[in-house]
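Okay, so here's the structure we're looking at.
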Amino acid sequence: MNDLFTKTDYSLYSNAMTFLRRPYLRNPVGSDADLVVLGVPLDMATSGRPGARMGPDAIRRASVNLAWEEKKFPWDFNVFDRAKVIDAGDLVFDCGDAEDFTYRLEAATSEILKSGKTMLALGGDHFITLPILRAYAKHHGEMALIHFDAHTDTYANGSAYDHGTMFYHAPNEGLISPKHSVQIGIRTEYSKENHGFNVINAMQANDQSADEIVAQVRNIIGDKPVYVTFDIDCLDPAFAPGTGTPVCGGLTSDKVLKILRGLAGINIVGMDVVEVSPAYDQSDLTALAGATVALELMYAWASKREKRA
């Protein structure tokens, strides 16, 4: 009877309130955590179908499908042996106030970084990456960006609060170096003449092996600190239909996971998974893909860490 409320051997769908059932701590700054998961339920900046504000909750619920493995196949270690991970819930901001949201996300990220932790953000639409990068650049300086997406998000004709303009603003603000950054899976129009970023478009990525792509990525990023941002529409809609701007011709989940595993050992300082929109999902396929990508990113990040004492 003593373990009725404390039993930790969960059945598959019980207690799906946090990412991978990690401990919930609303204010993570004073904790001894190494990695903080923060939900960012925003879709004010969408240009297509809304709904990504429900993404963090959907990803967390889908993540229980992954929580039963002691270590994620095919990794040879358990990420939680190397890092204490907590879930800080969702960022709270004034609904409809893009300026308040931007300030609060940058400030919250800054506090997490100043406390010696790193962050995995669950979006939300892709605009969330810009205020996060602003906080990271204050801490790490100019970074390399590994950007998985169907779109370059470098469009200059959008507003300051637009999920298609973050990587137009970020280089101009000195947050990232386009020369040391790479965009993978692109299959929509962009201006190639003054783009600046290295691009492995979807056709190239689908024809090349994961090892070939990883070799190019490593050559591009050099020794800079790296932020990884994953828009779920990098995946073909067959694998991730639940997103606001799906584009046919994307990558398979198998190809993406192999590339992410190939990032082991690089200096990943931060990461996010964005644009999961469960209203358009089918059988939670997209939420599961988002949770799986997030977990693989955690493993790639933790691959350089020693086992915790």
query = With distance as the sole test, does K117 use its side chain to make a donor-acceptor pair with the main-chain N or O of S31 at under 3.5 Å?
reply = yes

task = Kindly check if the number of other-residue, nucleotide or ligand heavy atoms within 6.0 Å of NZ (K258) is above 12?
result = no

task = Check whether any side-chain N or O of R21 sits under 3.5 Å from a backbone N or O of A67 as a donor-acceptor pair, and report yes or no.
result = no

Verdict with supporting geometry, F93 and M44, side-chain contact (heavy atoms from CB on, under 4.5 Å) = CA-CA 12 Å; F93 54 94; M44 286 190 293; 4.3 Å; yes

task = Could you pull out all residues at least two apart from Y168 that satisfy side-chain contact (heavy atoms from CB on, under 4.5 Å)?
result = A156, N172

ring-ring contact (aromatic ring centres under 6.0 Å, His included) partners of F197, counting only residues at least two apart = H195

Test of ring centre spacing under 6.0 Å for Y299 and F77 = yes

message = If you define the side chain from C-beta out and look only at heavy atoms, does anything of S181 sit under 4.5 Å from I221?
response = no

ask   = Considering residues, nucleotides and ligands other than E212, do more than 12 of their heavy atoms fall under 6.0 Å from its CD?
value = yes

query = Roughly how far apart are K114 NZ and H139 NE2, rounded to 0.5 Å?
reply = 10.0 Å

inquiry  = Whether the side chain of Q183 engages the backbone of T152 through a donor-acceptor N/O pair (distance < 3.5 Å, no angle test) should be reported.
reply    = yes

key: Side-chain (D207) to main-chain (Q204) donor-acceptor, under 3.5 angstrom   = no

query = Where do G51 and D43 come nearest, in terms of heavy atoms and distance?
reply = N-OD2, 2.7 Å

remark   = Between D97 and D100, the two heavy atoms sitting closest are OD1-N, 3.0 Å

message = Please tell me whether S159 and D162 have a donor and an acceptor in their side chains that are separated by less than 3.5 angstrom.
response = no

inquiry  = As an exercise, state the distance from CD1 of I232 to OG of S277, rounded to the nearest 0.5 Å.
reply    = 11.5 Å

inquiry  = Quick check: do L263 and W301 have side-chain heavy atoms less than 4.5 Å from each other?
reply    = no

inquiry  = Do the side chains of R60 and D90 get close enough for a salt bridge, i.e. N-O under 4.0 angstrom?
reply    = yes

task = Please say whether more than 12 non-hydrogen atoms of neighbouring residues, nucleotides or ligands are located less than 6.0 Å from CE in M119.
result = yes

query = Is there a donor-acceptor pair closer than 3.5 Å between any side-chain N or O of T109 and the backbone N or O of A135?
reply = no

ask   = How far apart are the closest heavy atoms of P237 and C248, and which atoms are they?
value = CD-CA, 3.9 Å

request  = Please report the shortest heavy-atom distance between K179 and N198, naming the atom on each side.
outcome  = O-ND2, 2.9 Å

note = The reported gap from CD1 in I259 to CD1 in I213 (rounded to nearest 0.5 angstrom) is 4.0 Å

request  = Could you tell me the separation between the NZ atom of K304 and the CD1 atom of I266, rounded to the nearest 0.5 Å?
outcome  = 9.0 Å

note = Rounding to 0.5 Å, atoms OH (Y161) and NE2 (H169) come to a distance of 9.5 Å

message = Main chain of A215, side chain of N219: is a donor-acceptor contact present, judged purely on distance under 3.5 Å?
response = no

note = Closest heavy-atom pair, L20 versus S63, reported as atoms and distance to 0.1 Å, is N-OG, 2.8 Å

query = Side chain of R305, backbone of R82: donor and acceptor closer than 3.5 Å?
reply = yes

request  = Take V37 and R22, measure what side-chain contact (heavy atoms from CB on, under 4.5 Å) needs, and give me the verdict at the end.
outcome  = CA-CA 9 Å; V37 178; R22 291 299 95 193; 5.8 Å; no

ask   = Mind checking whether D32 and K84 have side chains closer than 4.5 Å, heavy atoms only?
value = yes

inquiry  = Check for me, please, whether I186 and I220 land in the same ILVMFWY cluster - side-chain distances under 4.5 Å, paths through other members count.
reply    = no

Atom pair CG (D125) and OG1 (T245), whose distance is rounded to the nearest 0.5 Å = 10.0 Å

ask   = Should D87 and R26 count as side-chain neighbours, where that means a heavy-atom distance under 4.5 Å?
value = no

inquiry  = Hydrogens and angles aside, do H147 and D149 bring a side-chain donor and acceptor to less than 3.5 Å of each other?
reply    = yes

query = Yes or no on side-chain contact (heavy atoms from CB on, under 4.5 Å) for F80 and V85, after CA distance, side-chain angles and deciding distance?
reply = CA-CA 7 Å; F80 303 121; V85 180; 3.8 Å; yes

inquiry  = For L175, run the side-chain contact (heavy atoms from CB on, under 4.5 Å) check against T129, L130, I132 and tell me which one passes.
reply    = L130

message = Can you classify the ring geometry of F101 versus F127 as parallel (below 30°), tilted (30 to 60°) or perpendicular (above 60°)?
response = tilted

key: Beyond-backbone contact of I184 with L251, side-chain heavy atoms, under 4.5 angstrom   = yes

I'd like a table of donor-acceptor pairs (distance under 3.5 Å, sequence neighbours excluded) in which one partner is a side-chain atom from residues 282-295, with atom names and distances.
unit_1, atom_1, unit_2, atom_2, d
T286, OG1, G242, N, 2.7
T286, OG1, D281, OD1, 2.7
T292, OG1, L288, O, 2.7

Cationic N near anionic O, under 4.0 Å, D34 to R308 = yes

key: pair I146-T229: side-chain heavy atoms closer than 4.5 Å   = no

key: K224 and H140, any side-chain heavy atoms less than 4.5 Å apart   = no

Path from L35 to L133 over hydrophobic side-chain contacts below 4.5 Å = no

key: Residues that Y227 engages under ring-ring contact (aromatic ring centres under 6.0 Å, His included), provided they are two or more places apart   = Y136

request  = May I ask you to decide if V29's main-chain N or O and N27's side chain share a donor-acceptor pair within less than 3.5 Å?
outcome  = yes

inquiry  = As a quick check of understanding, evaluate side-chain contact (heavy atoms from CB on, under 4.5 Å) for L105 and L38, giving each step before the final call.
reply    = CA-CA 10 Å; L105 180 53; L38 181 68; 4.1 Å; yes

task = Go through the structure and list residues passing ring-ring contact (aromatic ring centres under 6.0 Å, His included) with H163, not counting sequence neighbours.
result = none

key: Single-linkage hydrophobic cluster V214~W75, side-chain heavy atoms < 4.5 angstrom   = yes

ask   = Do D231 and H151 have side-chain N/O donor and acceptor atoms under 3.5 Å apart?
value = no

ask   = Is R187 reaching over with its side chain to a backbone N or O of V247, donor-acceptor style, under 3.5 angstrom?
value = yes

R61 to F19, cation-pi by 6.0 Å centre distance and 45° axis angle = no

task = Examine L42 and I112 and state if one hydrophobic cluster contains both, with Ile, Leu, Val, Met, Phe, Trp and Tyr joined whenever side-chain heavy atoms are less than 4.5 Å apart.
result = yes

task = May I have all residue pairs that pass side-chain hydrogen bond (donor to acceptor under 3.5 Å, both in side chains) and include part of residues 234-244, sequence neighbours excluded?
result = none

query = Side-chain heavy atoms under 4.5 angstrom apart, residues restricted to Ile, Leu, Val, Met, Phe, Trp, Tyr: same cluster for L113 and M143?
reply = yes

key: Donor-acceptor contact present, side-chain K71 to main-chain V79, <3.5 Å   = no

task = Mark yes when over 12 heavy atoms from residues, nucleotides or ligands other than Y24 sit less than 6.0 Å from its OH; otherwise mark no.
result = yes

message = Measuring only between side-chain heavy atoms, which start at C-beta, is V226 closer than 4.5 Å to V269?
response = no

Nearest heavy-atom neighbours spanning E296 and F73 = OE2-O, 4.3 Å

